[in-house]
There are 2 protein chains.
Amino acid sequence: MTAVNSQPTLDEVARVAGVSRATASRAINGGSRVSASARAAVDEAVRTLGYVPNPAARSLVTRRTDSVAVIVPEPDERVFSDPFFARTLRGVDRMLAAADLQLVLLLATRGAEGARTMRYLSHRHVDGAVVASHHRNDGLADHLSAIGLPCVFVGRPWSPDRVTYVDVDNVAGGREATRVLIDRGCQRIGTIAGPADMTAAVDRLHGWHEAMRAADLPTDAVAIGDFTEAGGEEAARELLERHPDLDGIAVASDLMAAGALKVLADSGRRVPDDVAVVGYDDLGVAERTSPLLTTVRQPIVEMAERATRLLLEQMDGSAPPGAMRVIIPPSVIRRDSA
Amino acid sequence: MTAVNSQPTLDEVARVAGVSRATASRAINGGSRVSASARAAVDEAVRTLGYVPNPAARSLVTRRTDSVAVIVPEPDERVFSDPFFARTLRGVDRMLAAADLQLVLLLATRGAEGARTMRYLSHRHVDGAVVASHHRNDGLADHLSAIGLPCVFVGRPWSPDRVTYVDVDNVAGGREATRVLIDRGCQRIGTIAGPADMTAAVDRLHGWHEAMRAADLPTDAVAIGDFTEAGGEEAARELLERHPDLDGIAVASDLMAAGALKVLADSGRRVPDDVAVVGYDDLGVAERTSPLLTTVRQPIVEMAERATRLLLEQMDGSAPPGAMRVIIPPSVIRRDSA
DNA sequence: GATCAATGTGGAAGCGCTCTCACACTTTCA
DNA sequence: TGAAAGTGTGAGAGCGCTTCCACATTGATC
């Protein structure tokens, strides 16, 4: 007699179907070597009993957990509300769902909490990890490769050598954005860059420099923002004070560009006629500014999907050995600000 | 001889510590009935071997998974980028971390994907669930209570009877917000409400009605928005067209209020002198508008923490039987718009 | 000094599953 | 017709852990 209230086990399914537990297991897992009649009997038994496999038991023998972690470093308010993460999560979840894997969210802070995350990963509680790198140097890459857990970064980490990652070509993006301004005839072009501890910010600034030098334009009008709207305002004010003759600004994020637009409007400058502005991201903000922002699109969801696919390949062993990098080209979205 | 590369097992720990597996297990799980010397030996063995318990094996026998799901319904871009979810996740994660539980994120869409979520929950893959209800009627509450999984809603669900939830008192919030306008002498007060399929929106509108009736003011100036900035703009325009004499607007979200502020500015009305505006949420937006928004604060993180605590009590059986509801009072944050 | 409880310990069962292996039975082909 | 190959099946061995139970030991109590 079996307990009445507990979930049915494979044994019961086998008994009801009139086969052995081994055959029932094979039938359920879609294995070969099962006769059509046996499979039908098992299917029927599964249905009538409402059988559902016990994941822990399965996991114990297969040594897989069928779940992967998404590691979000430093979930302070700003970072977390960033559409970057929302879209990354969506992209990852979409791919994982297709592979019938679960998404375990790890909000990795530093310090004691960070140690907890590391411990969790060492436990082999997940089969792999996607790191939504906000491009900070937090030692995660080293730790992950040390414990040999399959993992992929979305966004280039600071120590990219040993780790597979997917990133947008931010140098090209910065270059293209700047070229939009050059091509429309801007002569005095500045930039509002992001924090120097993020690879994306550094790369975009790099691209700006390249384009400016190629066009023989001066590269002295640089201000640094923090990827927030307020930071963009402040940087724009500083920039305009130092260089009142600016007629073009390449901004490293749409949010900062939105701030810059405000400052330009307040100072009585028309956009794009007096000063043309190009943003970066195209994650929604650019469609709500006035005027609408010309910007560089990062296909985040696609990046996340691509990263997840690479992870899945690592997990099932079909990935080539060694770290891979996938660089996705950005595309300029033309609207009204430049 | 044991495999070299595999994780050490409890057996090896026991052998190294010179005790039985049972004692080692007790020592590791902080159980009583272990002598100090045995415990020390086990601790030492754990340290030197780098032992880490296998969660699947443990889970198989304890019938716990030590993880809880956070269910986010319908993760379209708007919903997901909402600070509401970001903060909910943070609050939940904070409490779970303290209890050494893992957060499994379930992005529950409708249809086939939704079925997958339900299946996952039925598997008893998690010990409990926090539902970040965006207040839609998606049958989740029924399903969860049907399978008997401990769960708590953040935000009142549409069918609240059988389910424990934590919510802010949105009726009171709507009332308080309106009273701010009444108290400053507004005579002609309108409201921009949220969609009628969200309990929060309905409740806030309800509160507005209460306050208006109590002050013997007319309740005809109502427009409906969709909780976005653009929706707020549109609703504000409509409202002003129908009621050009408005001198106060209670808006059901800060984002919509931001849109309304724009429209008011465009129409040459000064805020708060010509028209006073009160928002709702105080999740960051209100501190970036011009003028700064007077608003009603929802303590989301605290709500999420409270909800999680209730869930933990359900999970360990210390909760009183029956569904509970915790209603948190909102507070008015006075800034410049009213 | 005998009796009892409290305390620490190890043996062993068993959680629910997968998968190897041996075996029976069929088909194919020389 | 016999051997070889292929196919479906069940017995059974674990996966690594917790926990029940029985068995010492000890200290407290009469």
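None of these values were measured; they are calculated from a predicted model. Proteins come first, then strands; the chains are lettered A, B, ... in the order of their sequence lines, and each starts at number 1.
Not one side-chain nitrogen or oxygen of S59(A) sits closer than 4.0 Å to the OP1 or OP2 atom of dC15(D). Under 4.0 angstrom from either OP1 or OP2 of dG16(D) there lies no side-chain N or O belonging to T9(B). An OP1 or OP2 oxygen of dC15(C) is reached within less than 4.0 angstrom by no side-chain nitrogen or oxygen of N54(A). Between S25(B) and dT18(D) there is a side-chain N or O to OP1 or OP2 distance below 4.0 Å.
Distance R21(B) CZ to dT19(D) P: 13 Å, rounded to the nearest Å. In this structure, the CZ atom of R63(A) is 13 Å from the C1' atom of dC17(C), given to the nearest Å. Following rounding to the nearest Å, E12(B) (CD) and dC17(D) (C1') show an atom-to-atom distance of 14 Å.
At most 12 non-hydrogen atoms from other residues, nucleotides or ligands lie less than 6.0 angstrom from CZ of R306(A).
Contact annotation for A56(A): no contact, since no heavy-atom pair falls under 4.0 Å across all strands.
With values rounded to the nearest 0.5 angstrom, I327(B) atom CD1 is found 8.5 Å from M303(B) atom CE. Distance CG/L149(B) to NE2/H125(B): 12.5 Å, rounded to 0.5 Å.
The nearest heavy atom of DNA chain C to A22(B) and to D11(A) marks one nucleotide each, and the one closer to the 5' end goes with A22(B). The nearest heavy atom of DNA chain D to V61(A) and to S37(A) marks one nucleotide each, and the one closer to the 5' end goes with S37(A).
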